[in-house]
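The structure presented is a predicted model; accordingly, all values stated were derived computationally and were not measured. FYI, side chains are in, hydrogens and waters are out, and symmetry mates aren't considered; it's all heavy atoms of this structure.
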Amino acid sequence: QVQLLESGGGLVQPGGSLRLSCAADGSFSSINAMGWYRQTPENLRELVAGIATGGTTNYADSVKGRFTIARDNAKNTAYLQMNSLKPEDTAVYYCNVQATTIWGRRSDYWGLGTQVTVSS
C-alpha cells in the first residue's frame with residue numbers, strides 16, 4: 001500500500017515553467033530512489049530525472065540545464081522544476097519511487113501520471 005500523489009501538470013507556453021510534485025503516502029517504512037519519467041506517443045518511456053537517497057541526481061540529456069529534481073525527505077516528496085519548456089517536452093509525466101512497505105516488501109511504485117502540454 002504505497003500511493004504516489006502527483007500534481008503540477010498543465011498547459012504552458014514555450015519558454016515557460018512548471019513545477020511537478022510527487023508525494024508518497026501509505027504503509028511504507030522507507031523510501032530510496034525517486035524519479036520522474038515521461039512517455040510520448042512517439043517514444044518509449046524515458047527517465048527524465050532521478051535522485052538518490054543521498055541527493056545524487058541524474059538527468060536525461062534532453063533536459064540538462066533546464067530541469068531540476070529535488071526531494072524533501074521529511075515530507076516524502078519529490079519535485080521536478082521544469083524551466084525553458086519546449087513543445088517536445090509535451091508528455092505524460094510519471095513519478096516513480098522505490099519504497100519498502102512496513103511489511104518488508106521493497107518495490108517500485110508508480111504514479112498515475114500528470115499531463116504536461118507545451119504549446120502556443
Side-chain angles (χ1 to χ4, degrees):
Q1 289 186 314
V2 178
Q3 184 178 6
L4 306 183
L5 307 177
E6 300 161 320
S7 63
L11 175 65
V12 66
Q13 294 183 345
S17 299
L18 286 174
R19 185 182 185 233
L20 305 183
S21 298
C22 174
D25 185 32
S27 303
F28 58 86
S29 60
S30 64
I31 293 177
N32 299 112
M34 308 181 79
W36 289 94
Y37 293 73
R38 68 185 180 188
Q39 189 166 359
T40 64
E42 55 276 303
N43 291 285
L44 297 174
R45 183 180 298 184
E46 67 171 352
L47 174 67
V48 177
I51 184 167
T53 303
T56 302
T57 58
N58 188 34
Y59 297 93
D61 289 340
S62 60
V63 306
K64 287 181 179 178
R66 300 188 297 120
F67 291 10
T68 302
I69 188 171
R71 63 189 293 167
D72 186 336
N73 291 330
K75 297 181 178 180
N76 297 317
T77 300
Y79 305 94
L80 185 66
Q81 179 66 47
M82 304 184 293
N83 298 324
S84 302
L85 284 163
K86 305 175 181 179
E88 51 262 43
D89 294 319
T90 296
V92 178
Y93 285 71
Y94 296 89
C95 180
N96 173 264
V97 171
Q98 296 176 358
T100 301
T101 69
I102 60 174
W103 301 284
R105 175 63 175 172
R106 183 177 181 179
S107 300
D108 278 22
Y109 297 88
W110 293 89
L112 296 178
T114 183
Q115 178 69 46
V116 172
T117 302
V118 185
S119 176
S120 298

Practice task
Would you check if the side chain of T101 reaches a backbone N or O of R105 as a donor-acceptor pair within less than 3.5 Å?
Solution key: yes
Exercise for the section: Flag yes if more than 12 heavy atoms outside L112 fall under 6.0 Å of its CG atom; otherwise flag no. Expected result: no
Fill in the blank from the handout: Value for CG (N96) from CE (M34), rounded to nearest 0.5 Å, stands at 9.0 Å
Problem - Minimum-distance pair of heavy atoms, taken over all atoms of R38 and S62 - result: NH2-OG, 3.2 Å
Problem - Whether R71 side chain and A52 backbone form a donor-acceptor pair below 3.5 Å - result: yes
Exercise for the section: Would you check if the distance from the ring center of W36 to the ring center of F67 is below 6.0 Å? Expected result: no
Exercise for the section: Look at the side chain of E6 and the backbone N and O of C95, then say whether any donor-acceptor pair between them is shorter than 3.5 Å. Expected result: yes
Handout entry: Validation row: P14, S120 side chains within 4.5 angstrom (heavy atoms)
Key = yes
Problem - Basic-acidic side-chain contact under 4.0 Å: K86, D89 - result: no
Exercise for the section: Examine L20 and Y37 and state if one hydrophobic cluster contains both, with Ile, Leu, Val, Met, Phe, Trp and Tyr joined whenever side-chain heavy atoms are less than 4.5 Å apart. Expected result: no
Problem - Co-membership, hydrophobic cluster, residues V97 and Y94, 4.5 Å side-chain - result: no
Handout entry: R66 side chain vs S84 backbone, donor-acceptor pair below 3.5 Å
Key = yes
Problem - ILVMFWY network linking V12 to L80, side-chain heavy atoms under 4.5 angstrom - result: yes
Completion exercise
Partner of Y59 under side chain to side chain contact (heavy atoms under 4.5 Å, CB included), picked from I69, V48, I51, is I69
Practice task
For M82 and Y93, run side-chain contact (heavy atoms from CB on, under 4.5 Å): C-alpha distance rounded to whole Å, both residues' side-chain angles, the deciding distance at 0.1 Å, then the answer.
Solution key: CA-CA 12 Å; M82 304 184 293; Y93 285 71; 4.0 Å; yes
Problem - Check: S29 side chain, T100 main-chain N or O, donor-acceptor pair, under 3.5 Å - result: yes
Handout entry: Residue pairs passing the side-chain hydrogen bond (donor to acceptor under 3.5 Å, both in side chains) test where at least one lies in residues 10-25, sequence neighbours excluded
Key = S17-N83
Practice task
Taking all heavy atoms of L18 and all of L85, pick out the closest pair and write down the distance.
Solution key: N-CD1, 3.9 Å
Practice task
Treating Ile, Leu, Val, Met, Phe, Trp and Tyr as nodes and any side-chain heavy-atom pair under 4.5 angstrom as an edge, say whether Y109 and Y79 lie in one connected cluster.
Solution key: no
Handout entry: Cluster link L47 to V63, ILVMFWY, side chain under 4.5 Å
Key = no
Practice task
Looking only at non-hydrogen atoms, find the nearest pair between G111 and L4 and report the distance.
Solution key: N-CD1, 3.6 Å
Handout entry: Backbone of V118 reached by a side-chain donor or acceptor of T90 within 3.5 Å
Key = yes
Exercise for the section: Please report the closest heavy-atom contact between T53 and I31, naming both atoms and the distance. Expected result: OG1-O, 3.9 Å
Problem - Interatomic distance, S30 atom OG to I102 atom CD1 [nearest 0.5 angstrom] - result: 12.0 Å
Handout entry: More than 12 heavy atoms of other groups within 6.0 Å of R106 CZ
Key = no
